[in-house]
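Working notes, beginning with the structure itself.
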Amino acid sequence: MSDDTPPWENKPAKQEALYIHWCMHEGCKKWGGWGFNGRYGVEWFCFDHKEDGNKTVK
């Protein structure tokens with residue numbers, strides 16, 4: 001098994017024409033309102049984990 005799997009792969013990406021951005025912090029189930037450019041494109045984090053977005057590999 002590879003660790004290169006995008007974090008959003010196990011979360012819904014689209015719901016009735018509205019894109020849903022969940023926080024990509026492991027175990028977090030909150031809305032990801034803060035977007036950061038990362039290894040897999042834009043990576044989303046909630047307010048509590050937005051500092052993780054500053055640490056993403058670009």
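Treat the numbers as computed from the prediction; the structure is a model and nothing was measured.
Rounding to the nearest 0.5 angstrom, the gap separating the CD atom in Glu51 from the NE2 atom in His25 is 12.5 Å. If you take SG on Cys23 and CG on Asp48, they are separated by 8.0 Å, rounding to the nearest 0.5 Å.
Lys30 and Cys46 make their closest contact through CB-CB, 3.8 Å (heavy atoms, listed as atom of the first residue, atom of the second, distance). When all heavy atoms are compared, the tightest approach of Trp44 to Gly32 is CE3-O, 3.2 Å. Here the shortest heavy-atom pairing between Lys50 and Phe45 reads CA-CB, 4.0 Å.
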